[in-house]
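Worth knowing before you read on, the calculation uses all heavy atoms, side chains too, and leaves out hydrogens, waters and symmetry mates. Both ligands and their constituent atoms are indexed starting at 1 by order of listing.
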Amino acid sequence: MVSRSELFRECQAALEAAGNPDARFDMMCIFQDCLGDRNPLFSPLEAVPTDAEALIRAMTERRISGEPLQYILGEWEFYGYPFKVGAGVLIPRPDTETLVDNVIQLCRGNGLTAPKIADLCAGSGCIAVTLKKELPLAEVSAVELSQEALPYLRQNVRLNEADVGIVAGDVLAESTAAALSGLDIVVSNPPYLTAQEMNDLQAEVRREPEMALDGGGDGLGFYRRLTPLWKRSLKSGGFICYEFGMGQHDKVGNILAENGFVNIKFTRDLGGIIRTVTAQKSEENNG
Ligand code: GLN
């Protein structure tokens with residue numbers, strides 16, 4: 001029998017030797033998950049049951065092979081809510097909490113107590129589900145095309161008991177946009193990485209779905225196509241809210257302005273990067 005602290009030290013050292021800079025954090029998450037204990041080193045001399053030991057060793061091996069920690073754990077927190085994740089779905093990032101905050105602030109600031117919201121490229125559902133939890137009277141739809149991501153989206157809607165309408169469809173198709181009309185808010189974290197960034201992806205991010213990351217060429221294809229298409233589904237005075245990549249703010253802002261949006265405002269994420277934009281469909285602009 002191996003003690004908790006012995007096994008912890010051994011696995012942490014193996015992760016460090018493999019070049020993992022967060023070995024202690026990762027091992028803590030794996031121990032918490034396998035032992036069902038928030039503070040697994042509180043009793044360092046306690047023996048680790050053999051089945052838990054086997055699981056911990058297997059998870060450590062997966063981590064050493066470069067699989068993202070979030071996929072190994074199978075669940076990750078976003079905005080305080082749990083989300084099931086695994087191969088085929090983008091891992092929720094803290095940056096995206098800024099986008100959720102933007103939508104909540106817009107609703108509060110504009111008296112939208114029961115807003116009609118569509119989340120495009122919904123992935124795990126972290127945006128749509130969180131918005132439904134935080135704005136219980138909202139009518140939230142989540143649009144996702146990927147057959148790999150959709151099961152996670154369904155699971156996360158159930159897990160969080162969030163009444164979100166799931167639309168399996170292509171956000172770039174006229175028919176998808178036409179089926180969702182009279183929206184107060186369109187929110188999206190579309191794929192936005194450039195061809196260059198896709199080439200230079202970190203090994204771990206390569207394990208995530210290309211479809212959720214690859215914005216094609218300059219990374220702005222989705223903003224160019226979503227903006228004119230979904231403008232028609234927005235009420236006049238409604239809002240569009242996007243996340244984008246570092247350095248893309250001017251170009252995304254221009255796309256919104258060219259499409260007649262007004263009150264274009266940017267927000268920085270917790271890392272200080274200009275990360276999101278909100279823009280309003282002007283009352284005169286019904287095209
Ligand atoms: N933020 C993600 C990354 O840089 C990209 C997500 C996206 O393309 N929407 O890994």
Contacting atoms of ligand 1, where contact means under 4.0 angstrom from a heavy atom of Ala212: 7 (C), 8 (O), 9 (N)
Could you tell me whether a side-chain N or O of Asp22 sits under 3.5 Å from a main-chain N or O of Asp26, the two making a donor and an acceptor? no
So does Arg158 get a backbone contact from the side chain of Arg154, meaning a donor-acceptor N/O pair under 3.5 Å? no
With respect to Arg93, determine whether any N or O atom, backbone or side chain, lies less than 3.5 Å from an N or O atom of ligand 1. yes
If we only count N/O pairs under 3.5 Å, is Asp95 in contact with ligand 1? no
Atom 7 (C) of ligand 1: which of Ser188, Pro190, Gly219, Cys121 has the nearest heavy atom? Pro190
Could you list which atoms of ligand 1 come closer than 4.0 Å to a heavy atom of Asn189? 7 (C), 9 (N)
Answer yes or no: is there a donor N or O on one side and an acceptor on the other, between the side chain of Tyr152 and the main chain of Gly125, under 3.5 Å? no
What class does the angle between the rings of Phe244 and Tyr223 fall in, given that below 30° is parallel, 30 to 60° is tilted and above 60° is perpendicular? perpendicular
of all protein heavy atoms, closest to atom 4 (O) of ligand 1 is Leu193 CD2, 3.9 Å
Ile91, Thr96, Asn156, Val85 screened by side-chain contact (heavy atoms from CB on, under 4.5 Å) with Phe78, the one that passes: Thr96
Verify the ring-centre separation between Phe8 and Phe31: is it less than 6.0 angstrom? yes
If you have a sec, work out which protein heavy atom is nearest atom 1 (N) of ligand 1 and how many Å separate them, to one decimal? Tyr192 OH, 3.0 Å
